[in-house]
Participant: 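There's a structure below that I have some questions on.
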Amino acid sequence: MARKIVRTILQSLVFLCLLLLTIFLLDTRYLPGRLLPTSLHNRLPQHHHHHPGYLITDITVVTCGKLLGTTPCSLKAGSIGGGTGSKTAVSGEGESDWIRIEKDIYLKESWVTQGYVFFRRIKEEEYEPSDDPKKGVRVVVEVRAGGKNKPEDSPEGGVWESRPGGLWIRLARKVTSEAVTAVDLLFGPDAVDPRPGWTLDSRSLDFGELDPRITIRRGDPTEMKIVRPVVRMNKDGKLKILQVSDMHLSTGLGKCRDAEPEETRNGCEADPRTLEFVERMIDEEQASLVVLSGDMVNGETANDVQTAIFKFADLLIRKKIPYAAILGNHDNEGNLRREQVIDIIRSLPYSLTERGPDLGPVDANGENAGGYGNYVVEVLASKSDHSAVSLWMFDTHGYSPDKKQFRGYNWVQESQINWFKKEFEARKEAHSKYSYIHLDLAFIHIPLPEYRTNTNPILGQWLERVTAPSYNSGFRTVLSQKGVRIVSAGHDHANDFCMLDGQTANDKIWMCYAGASGFGGYGGYGGLQRKVRVWEVDGPLGRVRSWKRLEWPRGSKERVDDQVLMDGGHLNGG
């Protein structure tokens with residue numbers, strides 16, 4: 001009798017499981033409508049896995065005039081899309097208003113016309129599929145651009161509808177893994193989107209000459225894996241860092257400035273050549289980490305800074321190499337503020353970049369006076385979790401906040417210096433647990449005032465005036481007092497030297513330049529070659545060695561100005 005009861009219970013459980021599985025599959029995959037109430041349907045794991053938060057129900061483009069008295073580019077729910085003179089019907093069926101992507105598709109280069117991409121979305125829990133073609137909400141499942149001909153129908157179903165500018169969207173009434181959950185806009189024939197879950201259309205919209213391109217996200221952003229690797233010394237106790245400074249990337253291909261040698265100037269495209277050089281150096285040097293020491297973006301030619309950032313990030317992500325960035329004075333001269341630039345960089349895979357603490361006060365422009373990007377990258381020992389090397393990253397800001405009294409560039413602020421001193425002391429005990437000598441390196445963009453000392457010994461080129469701040473906040477002294485014996489800057493493209501500064505062993509410090517890597521920034525000075533600086537740290541020997549690699553001649557493996565700056569934990573020449 002007991003066995004019969006147990007068998008009956010087991011059979012009932014199996015039947016119940018099969019019934020629930022059948023309902024689940026019918027509700028989520030095979031029926032256009034729902035078997036379950038909305039409250040239960042929304043709890044299904046597959047539903048949330050594929051369609052988080054919002055679903056895009058429509059996308060369109062609106063163009064309008066810029067002259068006085070013209071109607072601004074805007075849309076209301078249920079309105080007609082397409083802008084000036086267009087009668088293309090918009091197929092939004094929800095109740096939500098249109099949302100505008102705040103990027104002019106002409107990047108403000110047109111005197112008379114502007115245009116914007118709009119989209120509509122609904123909350124996932126409000127989505128109700130329906131068999132009735134006149135009811136329910138359709139969601140966008142695919143986007144194509146750049147043509148008048150309707151794309152081929154997909155075996156997944158749905159209906160293609162045209163939008164202005166050669167934009168096509170495929171709409172379906174059944175939510176699948178194809179459902180679009182976010183929309184964005186990038187520019188240029190070399191645009192890329194390295195964000196997990198995002199897909200960039202290979203064709204551009206039919207507006208202007210700036211190649212505006214739609215990019216879409218599918219899936220749950222909370223489930224997108226953002227890789228944040230831990231950097232360790234190699235098995236031999238060494239670490240190799242590639243310092244890349246002043247790439248000066250643009251929106252679009254960019255124009256080469258002062259390219260060398262002269263015979264390479266015709267047809268030279270700045271960004272592809274810069275990125276090809278950096279990629280070659282990554283491959284040849286086999287670095288464990290890339291430090292980007294400012295002016296990754298050339299603000300003057302980067303009307304969409306996000307597009308420029310994605311280009312260098314995509315390279316590093318493809319190479320699966322960790323990178324840490326600080327800002328230069330040009331990175332925020334496009335369409336984004338400094339905190340927005342740093343936030344984009346730190347949100348991407350393999351980025352070790354941090355926003356850092358708020359070091360205030362807030363200035364007249366709404367910026368944090370202490371800057372964005374003051375942080376530490378701890379490089380761990382090869383076989384333990386003790387820090388072997390600390391890389392101190394500082395925001396040297398842009399231009400002087402007090403131009404009447406101090407012309408030129410800004411300086412490391414007192415709030416940053418206080419943060420550094422406190423942070424250094426807080427980490428001292430942990431750093432002492434490393435089996436060998438713990439080493440510290442600092443990276444800045446704008447050089448320190450002491451870089452101007454022309455009586456100090458140098459190795460490398462000093463070709464242009466050192467454009468350091470005219471006000472000295474004492475940061476160099478604090479670095480040496482705490483035992484940071486090496487600092488490296490960018491900014492002055494034609495200078496690539498290392499200078500030993502200081503009178504006593506406890507005060508001496510190496511102050512170096514990376515040299516400029518980008519063809520979108522100035523060159524000149526008698527034939528300036530673009531370059532990167534390589535740092536090799538040997539933990540067991542307490543040694544820091546550095547050299548430079550030149551962009552030309554290609555194929556050359558020459559190390560330029562190879563020097564040992566520190567040995568046994570002590571400065572060479574100290």
Side-chain angles (χ1 to χ4, degrees), residues 108 245-246 248 257 293-303 305 326-342 355-374 392-421 442-456 462-481 487-495 499 501 509 511 513-514 516 520-522 524-525:
K108 300 183 179 180
S245 195
D246 296 83
H248 284 269
R257 295 179 61 184
S293 51
D295 282 359
M296 291 76 71
V297 176
N298 191 55
E300 183 181 358
T301 58
N303 290 346
V305 172
I326 52 176
L327 300 182
N329 53 295
H330 290 296
D331 288 305
N332 61 308
E333 291 180 342
N335 64 325
L336 296 179
R337 301 187 305 275
R338 293 181 79 78
E339 70 268 31
Q340 293 174 310
V341 176
I342 208 78
R355 184 187 179 107
D358 290 335
L359 299 176
V362 176
D363 64 20
N365 298 319
E367 300 270 7
N368 193 333
Y372 304 91
N374 301 290
W392 296 88
M393 318 295 286
F394 296 96
D395 184 3
T396 51
H397 318 289
Y399 303 94
S400 171
D402 186 357
K403 294 180 176 60
K404 290 183 178 180
Q405 188 172 1
F406 303 107
R407 294 183 179 181
Y409 293 94
N410 205 339
W411 49 88
V412 177
Q413 300 290 313
E414 183 179 359
S415 61
Q416 294 173 268
I417 295 174
N418 291 336
W419 166 81
F420 165 65
K421 290 191 292 187
F443 292 94
I444 55 179
H445 179 70
I446 297 173
L448 304 172
E450 287 82 1
Y451 274 67
R452 295 194 185 99
T453 312
N454 57 15
T455 56
N456 283 334
W462 186 337
L463 298 179
E464 66 173 303
R465 179 176 64 89
V466 172
T467 53
S470 57
Y471 174 76
N472 193 332
S473 63
F475 183 48
R476 172 251 180 269
T477 300
V478 174
L479 286 175
S480 63
Q481 286 175 345
V487 59
S488 191
H491 191 56
D492 294 333
H493 298 186
N495 295 336
M499 168 191 289
D501 182 62
I509 185 171
M511 300 185 299
Y513 277 110
Y522 69 85
Y525 292 90

Participant: Answer yes if the side chains of His445 and Asp295 hold a donor-acceptor pair under 3.5 Å, and no otherwise.
Facilitator: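 Yes, Asp295 and His445 have a side-chain donor paired with an acceptor closer than 3.5 Å.
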Participant: Between Asn329 and His397, is any pair of side-chain heavy atoms under 4.5 Å apart?
Facilitator: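 No, too far: nothing below the 4.5 Å cut-off.
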Participant: Residues two or more places apart in sequence or in another chain: which of them pass side-chain hydrogen bond (donor to acceptor under 3.5 Å, both in side chains) with Gln413?
Facilitator: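 Gln413 satisfies side-chain hydrogen bond (donor to acceptor under 3.5 Å, both in side chains) with Asn410 once adjacent residues are dropped.
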Participant: Quick one: does any side-chain atom of Ser400 pair with a main-chain N or O of Tyr409 as donor and acceptor, under 3.5 Å?
Facilitator: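 No: the side chain of Ser400 does not pair with the backbone of Tyr409.
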Participant: Answer yes or no: is there a side-chain heavy-atom contact under 4.5 Å between Arg355 and Glu339?
Facilitator: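 Side-chain contact under 4.5 Å: yes.
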Participant: What's the verdict on side-chain contact (heavy atoms from CB on, under 4.5 Å) for Tyr513 and Trp462, showing C-alpha distance, side-chain angles and the deciding distance?
Facilitator: CA-CA 10 Å; Tyr513 277 110; Trp462 186 337; over 6 Å; no
Participant: Ignoring hydrogens, what is the shortest heavy-atom contact between Ala514 and Ser488? Give both atom names and the distance.
Facilitator: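 Shortest heavy-atom contact: N-OG, 4.1 Å.
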Participant: Return the CZ to OG1 distance between Phe475 and Thr477, rounded to the nearest 0.5 Å.
Facilitator: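 Reported to 0.5 Å precision, the distance equals 10.5 Å.
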Participant: Is it the case that more than 12 heavy atoms not belonging to Glu414 sit under 6.0 Å from its CD atom?
Facilitator: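 Check fails, neighbour count at 12 or below.
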Participant: Going from CZ on Arg407 to CG on Asp402, what distance comes out if it is rounded to the nearest 0.5 angstrom?
Facilitator: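 Here the interatomic distance stands at 12.0 Å.
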Participant: What distance do His248 atom NE2 and Ser245 atom OG have between them, rounded to the nearest 0.5 Å?
Facilitator: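 Rounded to the nearest 0.5 Å, the NE2-OG separation comes out at 7.5 Å.
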Participant: With side-chain contact (heavy atoms from CB on, under 4.5 Å) as the test, would you mind laying out the steps for Val478 and Lys421 before giving the verdict?
Facilitator: CA-CA 8 Å; Val478 174; Lys421 290 191 292 187; 3.7 Å; yes
Participant: Looking only at heavy atoms, which two atoms of Leu479 and Ile509 are closest? And how far apart?
Facilitator: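 Of all heavy-atom pairs spanning Leu479 and Ile509, the closest is CB-CD1, 4.1 Å.
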Participant: With a 6.0 Å cut-off on ring centres, are Trp411 and Phe406 close enough?
Facilitator: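 Yes - the distance between ring centres of Trp411 and Phe406 falls below the 6.0 Å cut-off.
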Participant: Could you walk me through whether Arg465 and Asp492 pass the salt bridge (Lys or Arg N to Asp or Glu O under 4.0 Å) check?
Facilitator: CA-CA 8 Å; Arg465 179 176 64 89; Asp492 294 333; over 6 Å; no
Participant: Verify side chain to side chain donor-acceptor pair (under 3.5 Å) between Asn298 and His330, making sure each step is shown before the conclusion.
Facilitator: CA-CA 6 Å; Asn298 191 55; His330 290 296; 5.1 Å; no
Participant: Report yes if the side chains of Thr467 and Ile446 come closer than 4.5 Å at any heavy-atom pair, otherwise no.
Facilitator: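 Counting from C-beta outward, Thr467 and Ile446 never come under 4.5 Å.
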Participant: Quick one: do Gln340 and Tyr372 satisfy side chain to side chain donor-acceptor pair (under 3.5 Å)? Show the steps, please.
Facilitator: CA-CA 9 Å; Gln340 293 174 310; Tyr372 304 91; over 6 Å; no
Participant: Checking the side chain of Ser293 only, and the main-chain atoms of Ile444 only, is there a donor and an acceptor separated by less than 3.5 Å?
Facilitator: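 Side chain of Ser293 to backbone of Ile444, a donor-acceptor pair under 3.5 Å: no, none is there.
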Participant: Should the pair Trp419 and Trp392 be assigned to parallel (<30°), tilted (30 to 60°) or perpendicular (>60°) ring geometry?
Facilitator: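 The rings of Trp419 and Trp392 stand perpendicular, inter-plane angle above 60°.
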Participant: Looking only at atom types and distance, does a side-chain atom of Asp331 sit under 3.5 Å from a main-chain N or O of Gly328, one as donor and one as acceptor?
Facilitator: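 Judged by distance alone, yes, a pair lies under 3.5 Å.
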Participant: Going by heavy atoms in the side chains, are Phe443 and Thr396 under 4.5 Å from each other?
Facilitator: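 In short, these two side chains do not touch, never coming nearer than 4.5 Å.
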Participant: Could you check if a side-chain atom of Ile326 sits within less than 4.5 angstrom of a side-chain atom of Phe394, using non-hydrogen atoms only?
Facilitator: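 No; the side chains remain at least 4.5 Å from each other.
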Participant: We want to know whether Asn472 and Glu450 form a side-chain donor-acceptor pair, criterion being a heavy-atom distance below 3.5 angstrom.
Facilitator: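 The criterion, which ignores hydrogens and geometry beyond distance, is satisfied for Glu450 and Asn472.
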Participant: Should we say atom CZ of Arg452 is surrounded by more than 12 heavy atoms from elsewhere, each under 6.0 Å from it?
Facilitator: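 Yes, CZ of Arg452 has more than 12 neighbouring heavy atoms, counting only those of other groups under 6.0 Å.
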Participant: Answer yes if the side chains of Asn374 and Asp395 hold a donor-acceptor pair under 3.5 Å, and no otherwise.
Facilitator: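 Result is no, nothing qualifies.
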Participant: With distance as the sole test, does His493 use its side chain to make a donor-acceptor pair with the main-chain N or O of Ala516 at under 3.5 Å?
Facilitator: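 Judged by distance alone, no pair lies under 3.5 Å.
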Participant: Would you compute the distance between atom CG of Leu359 and atom CD of Gln416 and round it to the nearest 0.5 angstrom?
Facilitator: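 Going from the CG atom of Leu359 to the CD atom of Gln416 covers 6.5 Å.
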Participant: Less than 4.5 Å apart, side chain to side chain, heavy atoms only: is that true for Lys108 and Asn303?
Facilitator: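 Heavy-atom side-chain distance check fails, nothing below 4.5 Å.
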Participant: Are the side chains of Val341 and Leu327 in touch, meaning some heavy atoms are under 4.5 Å apart?
Facilitator: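 Yes, their side chains come closer than 4.5 Å.
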Participant: Less than 4.5 Å apart, side chain to side chain, heavy atoms only: is that true for Met511 and Pro447?
Facilitator: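 No, their side chains stay 4.5 Å or more apart.
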Participant: Passes side-chain contact (heavy atoms from CB on, under 4.5 Å), Arg337 versus Asn332? Steps please.
Facilitator: CA-CA 5 Å; Arg337 301 187 305 275; Asn332 61 308; 5.7 Å; no
Participant: Taking it one step at a time, do Glu464 and Tyr522 satisfy side-chain contact (heavy atoms from CB on, under 4.5 Å)?
Facilitator: CA-CA 12 Å; Glu464 66 173 303; Tyr522 69 85; 2.8 Å; yes
